[in-house]
**Q** 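Shown below is the structure under consideration.
This one's a predicted model, so the numbers in the text were calculated from it and none came from an experiment. Throughout, a chain's letter reflects where its sequence line sits, starting with A, and its residues are numbered from 1.
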Amino acid sequence: MLGVKEQMEVIKRGAVEIIPEEELLRKIKNSIKSGKPLRVKQGFDPTAPDIHLGHTVGLRKLRQFQELGHKIILIIGDYTGMVGDPSGRSITRPQLSYKEVRENAETYQKQFFKVIDKSKTEVHFNGEWFSKMSFQGIIQLASKFTLARMLERDDFSNRYSKQVPISLHELFYPLMQGYDSVAIKADVEIGATEQKFNLLTARQIQQEYGVKPQVILTLPVLPGTDGVQRMSKSTGNYIGIDESPKQIFGKIMSVPDDLIYPYFELLTDVSSEELKEIKNDLEKKEKNPMDFKKRLGIKIVSMYHSEKEALEAKKEFEKVFSKKELPEEIPIYELRYEKPKIWIVKLLTMTGLVSSSSEARRLIRQGGVYLNGKRVDDENLEISVEEEKVLKVGKRKFLKVISA
RNA sequence: GGAGGGGUACCCAAGUGGCCAAAGGGAACAGACUGUAAAUCUGUCGGCGUAGCCUUCGGAGGUUCAAAUCCUCCCCCCUCCA
């Protein structure tokens, strides 16, 4: 096991706050002395079935704790998932059914272990304790906190002042998360900065239940591919770690240039010297940001697939978008049509390339439809059904149409 | 229980009888440009074989030549008082 100083250095990298830092020092010291690893907790609510790069910021930190010899406790919030975390939210989250949550949890676990080491991880569903909690227990838990303190949160107070509804069950979320820490006796809990309130509430709840309070460690929130909102599945600005190499690479390339540095910092292992260099180069603007993005894309795809696939994805990207050639693999559509000729608009809607014929006409007018590499400029074009053809809609949609 | 304010397209939001398929912004999509699925600029953004029609402003009825807009009932949200 590494010494206190060395451990702290690893732990502090990329962290925003450690509260209280002295307490963490003490805990690590004790852990080294006693040989007992720290219990480091992070919870995830399985609201959407996919883990994306935003989740990996925390998971990677857990991984580092593992490498330092500590115990990771992963809480899968099957019960908290039914409430929905109000953190950073301006509206009530849609409530999920228990069944949905359990199904998502399955997928989650598979993906977790692409980042962290399964053999050194303890997994709990918080239903383990919440499903057994009596109403009496709930009253007891609720009595540990006051409304005034709850309303200190700016997400709640914003909603309240903007007259956006806050349901009572949402108030339970921080209490439940706190109780998780009681149940598993967490020494450290990590979470994104927007989790600070929940994380701090847990400290208080732990003390109320006679458990030593945890140290909290916050990490930056990862912006999504739009460069503005936090990465999340519901806003559609995410990159899932289970996506194909091509998709991950392509999405990295579509990220605004400003995100290049934060992504390198939060999502990859590049050394701090290398990071500095990247920052300098980006600021000087002498080098092409595209090349940094390619490097980033290769790094990230390599982590979740392989280096070989990463290089292939890069090649494919250059082929399709830089050279504007046809991609390596094009999906095939088998066309069944009773007449020898088919109207182009009809074909586009039939194949699902566009959702309505108005849209098809619009795209043709805008010059976004290609047939066998030639731009289609006639909305009334009739094309032969027999002949094999390749359709391109916009920059990214390709389809090979063959007659069935 | 009483009083008042609201519900408009994917999201925010304007519209209080016809000029409303509905301003503006965001998102999305297309094109141009390039350094890329970045940035910027331009355009599109309910549906229908494009031609005028059809469907849409919380829901159901009604008034009117004409309703997002007026009337009735209902549902939902917010605020204040109790």
Side-chain angles (χ1 to χ4, degrees), chain A residues 89-94 156-168 170 223-239 243-264 281-282 284-298 300-301 313-325 327 337 339 341-350 352-370 375-383 391-398:
Chain A
R89 277 286 172 141
S90 54
I91 46 165
T92 306
R93 283 176 182 265
F156 281 153
S157 58
N158 279 341
R159 279 162 68 179
Y160 196 69
S161 62
K162 284 189 189 142
Q163 312 197 345
V164 177
I166 303 167
S167 294
L168 284 182
E170 295 181 71
T225 53
D226 58 349
V228 183
Q229 287 183 279
R230 58 194 276 264
M231 184 176 285
S232 94
K233 183 143 189 190
S234 49
T235 41
N237 60 356
Y238 73 104
I239 303 176
E243 293 188 74
S244 72
K246 237 200 302 193
Q247 276 174 311
I248 296 180
F249 192 86
K251 284 189 181 180
I252 295 282
M253 293 305 288
S254 80
V255 143
D257 291 352
D258 305 346
L259 289 188
I260 297 173
Y261 181 76
Y263 273 27
F264 264 112
D281 285 345
L282 284 169
K284 274 193 270 167
K285 295 191 172 161
E286 278 163 16
K287 293 185 182 165
N288 188 341
M290 180 176 66
D291 295 323
F292 287 97
K293 269 199 222 174
K294 285 181 180 169
R295 194 164 135 201
L296 180 65
I298 290 169
I300 291 175
V301 175
K314 171 178 173 267
K315 237 171 106 185
E316 178 81 356
F317 182 89
E318 288 167 347
K319 187 173 166 167
V320 177
F321 298 107
S322 305
K323 300 183 192 149
K324 303 212 192 296
E325 291 170 11
Y337 201 63
K339 294 183 207 148
K341 291 219 157 194
I342 184 164
W343 181 35
I344 179 80
V345 170
K346 179 105 195 159
L347 181 64
L348 289 170
T349 49
M350 261 178 94
L353 283 168
V354 302
S355 59
S356 69
S357 50
S358 302
E359 190 184 345
R361 287 171 181 281
R362 219 178 281 140
L363 284 167
I364 293 170
R365 259 179 248 147
Q366 294 181 141
V369 177
Y370 290 79
R375 181 174 278 172
V376 176
D377 47 16
D378 177 11
E379 288 171 44
N380 297 310
L381 186 69
E382 300 276 341
I383 48 185
L391 284 171
K392 181 185 180 194
V393 176
K395 291 183 183 119
R396 298 154 58 186
K397 282 196 251 175
F398 294 89

**Q** Heavy atoms only, 4.0 Å cut-off, all strands: where does A/Ser322 land among base, sugar-phosphate and nothing?
**A**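 A/Ser322: backbone/sugar contact only, no base atoms under 4.0 Å.
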**Q** For A/Val369 and for A/Phe249, find the nucleotide of RNA chain B with the closest heavy atom, then tell me which residue's nucleotide is more 5'.
**A**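 Comparing both residues, the 5'-ward one is A/Val369.
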**Q** Which listed nucleotide (B/A37, B/G49, B/U44) is nearest to the side chain of A/Phe317?
**A**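 Looking only at side-chain atoms, A/Phe317 lies closest to B/A37.
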**Q** Between B/U36, B/C48, B/G31, which nucleotide gets closest to the side-chain atoms of A/Ser357?
**A**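 Looking only at side-chain atoms, A/Ser357 lies closest to B/C48.
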**Q** Begin from the C-alpha positions of A/Glu318 and A/Lys323 and carry the test salt bridge (charged side-chain N to carboxylate O under 4.0 Å, His left out) through to its verdict.
**A** CA-CA 6 Å; A/Glu318 288 167 347; A/Lys323 300 183 192 149; 5.8 Å; no
**Q** If you look at every strand shown and take non-hydrogen atoms under 4.0 Å, does A/Pro256 touch a base, only sugar-phosphate, or nothing?
**A**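 It contacts sugar-phosphate atoms only.
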**Q** Sticking with atom P, work out how far B/G31 lies from B/A37, rounded to a whole angstrom.
**A**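 10 Å, rounded to whole Å.
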**Q** Would the base of B/G35 count as contacting A/Asp257 through its side chain, where contact means a donor and an acceptor less than 3.5 Å apart?
**A**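 Under the 3.5 Å cut-off, the side chain and the base do form a donor-acceptor pair.
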**Q** Contact class for A/Gln229 (heavy atom, under 4.0 Å): base, sugar-phosphate, or nothing?
**A**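 Contact class for A/Gln229: none.
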**Q** Which base, if any, makes a Watson-Crick or G-U wobble pair with B/A28, both distances under 3.5 Å?
**A**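 B/A28 is paired, partner B/U44.
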**Q** Taking any heavy-atom pair under 4.0 Å as a contact, classify A/Ser356: base, sugar-phosphate, or nothing.
**A**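 The answer is sugar-phosphate, as A/Ser356 gets under 4.0 Å only of primed atoms, P, OP1 or OP2.
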**Q** Which residue is it: A/Asp378, A/Thr349, A/Asn380, A/Leu391? I am looking for the one with a side chain to side chain contact (heavy atoms under 4.5 Å, CB included) to A/Ile344.
**A**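 The passing option is A/Leu391.
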**Q** Could you check whether any side-chain heavy atom of A/Val255 comes within less than 4.5 Å of a side-chain heavy atom of A/Tyr263, counting everything from C-beta outward?
**A**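 The answer is yes; the side chains approach within 4.5 Å.
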**Q** Does B/A23 have a Watson-Crick or wobble mate here (both distances under 3.5 Å), and if so which one?
**A**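 Base partner found: none.
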**Q** When you measure from the side-chain N and O atoms of A/Ser254 to the phosphate of B/A38, is any distance below 4.0 Å, counting only OP1 and OP2?
**A**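 For B/A38, OP1/OP2 do not have a side-chain N/O of A/Ser254 under 4.0 Å.
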**Q** Among B/U36, B/G49, B/C48, which is the nearest nucleotide to the side chain of A/Ser358?
**A**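 Selected nucleotide (nearest to the side chain): B/C48.
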**Q** I want to confirm an ordering. Mapping A/Lys339 and A/Lys324 to their closest nucleotides on RNA chain B, which one lands closer to the 5' end?
**A**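 Nearer the 5' end of the strand: A/Lys324.
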**Q** Across all strands, who's sitting opposite B/C73 as a Watson-Crick or G-U wobble pair, both distances under 3.5 Å?
**A**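 For B/C73, the partner nucleotide comes out as B/G59, under the 3.5 Å rule.
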**Q** Going by 5.5 Å between centroids and 30° between planes, is there a stack of A/Trp343 over B/G49?
**A**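 Per 5.5 Å and 30° rule: yes, stacked.
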**Q** How close or far is atom C1' of B/U36 from atom CG of A/Leu296, stated in whole angstroms?
**A**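 Going from A/Leu296 (CG) to B/U36 (C1'), I get 13 Å.
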**Q** What is the base-pairing partner of B/G49, counting Watson-Crick and G-U wobble geometry with both distances under 3.5 Å?
**A**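 Paired with no nucleotide.
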**Q** Distance to the ring centre below 6.0 angstrom and angle to the axis at most 45 degrees; does that hold for A/Lys251 and A/Tyr238?
**A**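 The answer is yes, since A/Lys251 meets both limits relative to A/Tyr238.
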**Q** Using side-chain heavy atoms (C-beta onward) and a distance below 4.5 Å, is A/Gln247 in contact with A/Ile239?
**A**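 With C-beta onward as the side chain, the pair stays apart.
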**Q** Write down the partner of B/G18 under the Watson-Crick or G-U wobble criteria, each distance required to be under 3.5 Å.
**A**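 Because both required distances fall under 3.5 Å, B/G18 counts as paired with B/C65.
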**Q** Taking C-beta and beyond as the side chain, do A/Val345 and A/Leu347 meet within less than 4.5 Å on heavy atoms?
**A**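 No, every pair of side-chain atoms sits at 4.5 Å or beyond.
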**Q** What about A/Arg362, does its side chain sit under 3.5 Å from the base of B/U44 through a donor-acceptor pair?
**A**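 Under the 3.5 Å cut-off, the side chain and the base do not form any donor-acceptor pair.
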**Q** Within the structure shown, what part of the strands sits under 4.0 Å from A/Gly250 by heavy-atom distance: base, sugar-phosphate, or nothing?
**A**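 Base: the residue A/Gly250, judged by heavy atoms under 4.0 Å, touches a nucleobase.
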**Q** P atom, B/G15 versus B/C77: distance in rounded Å?
**A**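 Pairwise P distance, B/G15 against B/C77, rounds to 25 Å.
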**Q** Kindly point out which of B/G35, B/A32, B/U50 is positioned nearest to the side chain of A/Arg361?
**A**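 In terms of side-chain proximity for A/Arg361, the closest of B/G35, B/A32, B/U50 is B/U50.
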**Q** Using a heavy-atom cut-off of under 4.0 Å over every strand shown, decide if A/Lys395 touches base, sugar-phosphate, or nothing.
**A**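 The answer is sugar-phosphate, as A/Lys395 gets under 4.0 Å only of primed atoms, P, OP1 or OP2.
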